[in-house]
Amino acid sequence: MEFSHVPVLLNETIEHLNLKAGGVYVDATLGGGGHSEEILKRADCRVVGLDQDEDALNHAAKRLAPFGDRFIPVKSNFRNIRKVVYRLGLDAVDGVLMDLGVSSFQLDNPLKGFSFQHDGPLDMRMDPQNPKTAADVVNTYPEKELIRIFYEYGEERYAPQIARAIVKRREKKPFTSTLELAEEIIRAVPAKARREKHPAKRVFQAIRIEVNDELSSLEEGLVGAVEVLKPGGRIVVITFHSLEDRLVKNFFRREENPCICPKDFPMCVCGKKPRLKVITKKPLVPSEEEIEKNRRAHSAKLRAAEKLSFA
Ligand SMILES: C[S@@+](CC[C@H](N)C(=O)[O-])C[C@H]1O[C@@H](n2cnc3c(N)ncnc32)[C@H](O)[C@@H]1O
């Protein structure tokens with residue numbers, strides 16, 4: 001299968017990473033290697049590229065082979081960024097990029113089971129070694145738990161109706177394919193909801209987040225990223241839905257202003273010191289021109305922050 005993924009907010013990412021010759025940058029979501037390639041072209045630096053999907057990693061390693069030992073591929077979840085950096089014998093790095101979610105390659109490959117439009121196995125694992133698949137979630141989670149996931153991770157208003165329909169149907173025959181599930185979701189929502197976005201979009205997002213434990217990975221990855229950054233180093237995060245964006249925004253805010261003392265205290269006694277300065281007070285979004293060329297970019301938001309010198 002052809003690997004095609006157009007990097008989102010490419011110039012904005014490069015600009016906010018503030019690249020310098022001799023620097024070391026972690027691309028924590030290597031994917032097709034588009035962002036990494038541009039980083040390697042724009043500065044005489046090194047890139048450590050992480051992905052939990054071995055197919056993505058192998059493809060990107062081939063694409064970036066011309067850069068020789070300036071590119072270091074590592075199969076890992078970015079929640080382990082600290083371990084990866086220290087194992088490579090590095091004390092700290094100059095920048096970290098996270099371009100979240102799945103790549104077009106993963107979405108368009110029916111065998112990975114991410115798409116509600118192409119039929120494939122109910123899988124959705126970015127890392128095939130992860131024991132939990134989408135089929136496990138859909139066929140074994142209690143109804144209450146499905147409702148919670150659809151509400152929390154999909155912000156799906158028809159969560160109870162969809163969860164009920166899934167549980168009723170699986171009692172007769174467990175779900176095995178993406179289209180079976182998508183069709184059941186379509187039947188479960190009221191007719192007016194079928195006219196809006198594809199009714200399965202939010203539920204598929206929710207199941208994908210659950211299968212890959214995406215929000216905890218992100219939280220842990222952000223903590224690790226701040227720790228491995230050198231003073232003055234930058235972290236750039238591109239998100240694709242409001243849950244991720246809120247998590248990043250709140251994390252950056254807490255790191256910029258961590259004091260937990262009551263507001264009426266004359267001075268800080270909690271001792272918590274800021275570690276980041278937020279560079280993007282509002283998130284950057286793609287231009288209309290970029291969205292026209294690449295539909296996938298339409299929900300992207302970029303936030304960047306810099307590690308403080310005394311952190
Ligand atoms: C949106 S794509 C990145 C595309 C890339 N920036 C490019 O230009 O081609 C996201 C990639 O990150 C990987 N990924 C997502 N979450 C991850 C995590 N927690 N740890 C490691 N890799 C992750 C996915 O497998 C996918 O290949």
Side-chain angles (χ1 to χ4, degrees), residues 1-14 16-17 25-42 47-64 71 73-85 95-109 111-115 123-130 132 153 205 208-225 228 235-241 243-245 247-248 286 290 293-302:
M1 196 181 152
E2 185 61 17
F3 200 123
S4 65
H5 178 91
V6 182
V8 171
L9 290 163
L10 185 57
N11 284 325
E12 294 83 349
T13 300
I14 299 295
H16 283 81
L17 277 173
Y25 298 87
V26 177
D27 181 350
T29 50
L30 184 61
H35 282 105
S36 278
E37 183 174 65
E38 198 62 21
I39 296 171
L40 288 158
K41 277 186 190 160
R42 299 266 194 119
V47 169
V48 178
L50 266 54
D51 206 296
Q52 55 180 336
D53 178 343
E54 202 141 7
D55 291 341
L57 200 74
N58 290 337
H59 169 84
K62 266 190 215 141
R63 174 178 183 173
L64 301 174
F71 173 66
V74 181
K75 180 181 183 296
S76 174
N77 189 306
F78 59 56
R79 72 189 334 154
N80 303 318
I81 187 169
R82 253 175 308 196
K83 262 194 219 153
V84 171
V85 166
V96 176
L97 166 65
M98 292 178 174
D99 172 20
L100 300 171
V102 281
S103 66
S104 309
F105 172 71
Q106 289 164 320
L107 265 180
D108 298 342
N109 181 352
L111 294 178
K112 299 236 179 226
F114 288 111
S115 169
D123 192 318
M124 300 199 198
R125 289 171 302 174
M126 293 186 209
D127 177 357
Q129 280 159 356
N130 170 4
K132 191 193 290 171
Y153 301 162
Q205 172 187 301
R208 193 197 85 200
I209 292 175
E210 171 66 16
V211 166
N212 296 288
D213 197 17
E214 289 181 31
L215 299 180
S216 314
S217 296
L218 177 55
E219 189 84 47
E220 287 172 39
L222 289 169
V223 171
V228 299
I235 173 164
V236 173
V237 188
I238 304 172
T239 63
F240 290 89
H241 56 78
L243 290 174
E244 285 172 343
D245 184 56
L247 195 153
V248 176
E290 176 170 359
K293 285 194 197 134
N294 180 14
R295 274 296 302 155
R296 205 186 152 265
H298 82 281
S299 53
K301 286 189 176 157
L302 181 151

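Counting starts at 1 for both ligands and their atoms, following the listed order. Starting from 1, each residue takes its place in the sequence as its number.
With a heavy-atom cut-off of 4.0 Å, Ala60 does not touch ligand 1 at all. Contacts with ligand 1 closer than 4.0 Å are made by side-chain heavy atoms of Met126 only, the backbone lying farther away. Contact annotation for Leu97 and ligand 1: no heavy atom of the residue comes within less than 4.0 Å of the ligand. At a heavy-atom cutoff of 4.0 Å, ligand 1 is contacted by the backbone of Ala28 but not by its side chain. At a heavy-atom cutoff of 4.0 Å, ligand 1 is contacted by no atom of Arg63, backbone or side chain. The residue Asp27 has no part lying near ligand 1, judged by heavy-atom distances below 4.0 Å. Counting heavy atoms closer than 4.0 Å to ligand 1, residue Val102 contributes backbone atoms (N, CA, C, O) but none from C-beta onward. Proximity of Gln106 to ligand 1, defined as any heavy-atom pair under 4.0 Å, is confined to the side chain (atoms from C-beta onward).
Considering all non-hydrogen atoms of both residues, Met98 and Ala28 come closest at CG-CB, 4.0 Å. When all heavy atoms of Gly49 and Leu57 are compared, the pair lying nearest together is O-CD1, 3.9 Å. When all heavy atoms of Val8 and Asn294 are compared, the pair lying nearest together is CG2-ND2, 3.8 Å. Across Ile238 and Ala300, no two heavy atoms sit closer than the pair CG2-CB, 4.1 Å. Considering every non-hydrogen atom in both Ser217 and Arg79, the closest pair reads OG-NH1, 3.4 Å. Closest non-hydrogen pair, Leu107 versus Phe114, comes out as CD2-CB, 4.0 Å.
Atom numbering of ligand 1 starts at 1 in the shown order; those under 4.0 Å from a heavy atom of Pro7 are 8 (O). Listed by atom number, the atoms of ligand 1 under 4.0 Å from Asp53 heavy atoms are 25 (O). Ligand-side atoms of ligand 1 in range of Ser76: 20 (N), 21 (C), range being under 4.0 angstrom from any heavy atom. If you number the atoms of ligand 1 from 1 as listed, the ones under 4.0 Å from a heavy atom of Gly32 come out as 7 (C), 9 (O).
The shortest separation from a heavy atom of Arg296 to ligand 1 is under 4.0 Å, placing the residue in contact. At least one heavy atom of Leu30 sits less than 4.0 Å from an atom of ligand 1. At least one heavy atom of Leu100 sits closer than 4.0 Å to an atom of ligand 1.
Looking at Leu64 and Leu30, their side chains come closer than 4.5 Å, going by heavy atoms from C-beta outward.
In terms of N/O distances under 3.5 Å, ligand 1 is not approached by Phe240. Close N/O approach between Gln52 and ligand 1 is found [any backbone or side-chain N/O within under 3.5 Å]. Among the atoms of Phe78, some N or O lies under 3.5 angstrom from an N or O of ligand 1. Annotation: His35 places an N or O atom under 3.5 Å from an N or O atom of ligand 1; distance criterion only. Polar contact with ligand 1: present for Gly34 (N/O pair, distance under 3.5 Å). When only interatomic distances are considered, the shortest N/O to N/O separation between Arg79 and ligand 1 does not fall below 3.5 Å.
Although no hydrogens or angles enter the test, the distance criterion places no donor-acceptor pair under 3.5 Å between the side chain of Asp51 and the main chain of Ala56. With hydrogens and angles disregarded, no donor-acceptor distance shorter than 3.5 Å links the side chain of Glu37 to the backbone of Gly33. In terms of modelled atom types and a separation under 3.5 Å, the side chain of Asp127 and the main chain of Gln129 share a donor-acceptor contact. A donor-acceptor pair is defined here as one N or O able to donate and one able to accept, closer than 3.5 Å; no such pair exists between the side chain of Ser115 and the backbone of Asp108.
Comparing Ser103, Gly33, Ser216, Gly101 against atom 10 (C) of ligand 1, the shortest heavy-atom distance belongs to Gly101. When Asp213, Asn212, Asp51, Ile81 are ranked by how near their heavy atoms come to atom 25 (O) of ligand 1, first place goes to Asp51.
Results of the side chain to side chain donor-acceptor pair (under 3.5 Å) test with Asp53 over His59, Lys75, Gln106 single out Gln106 as the only residue that passes.
For Lys132, the NZ atom sits in a packed shell: over 12 heavy atoms of surrounding residues, nucleotides or ligands are nearer than 6.0 Å.
Relative to the ring axis of Phe71, Arg63 does not place its NZ or CZ within 45° and under 6.0 Å from the centre.
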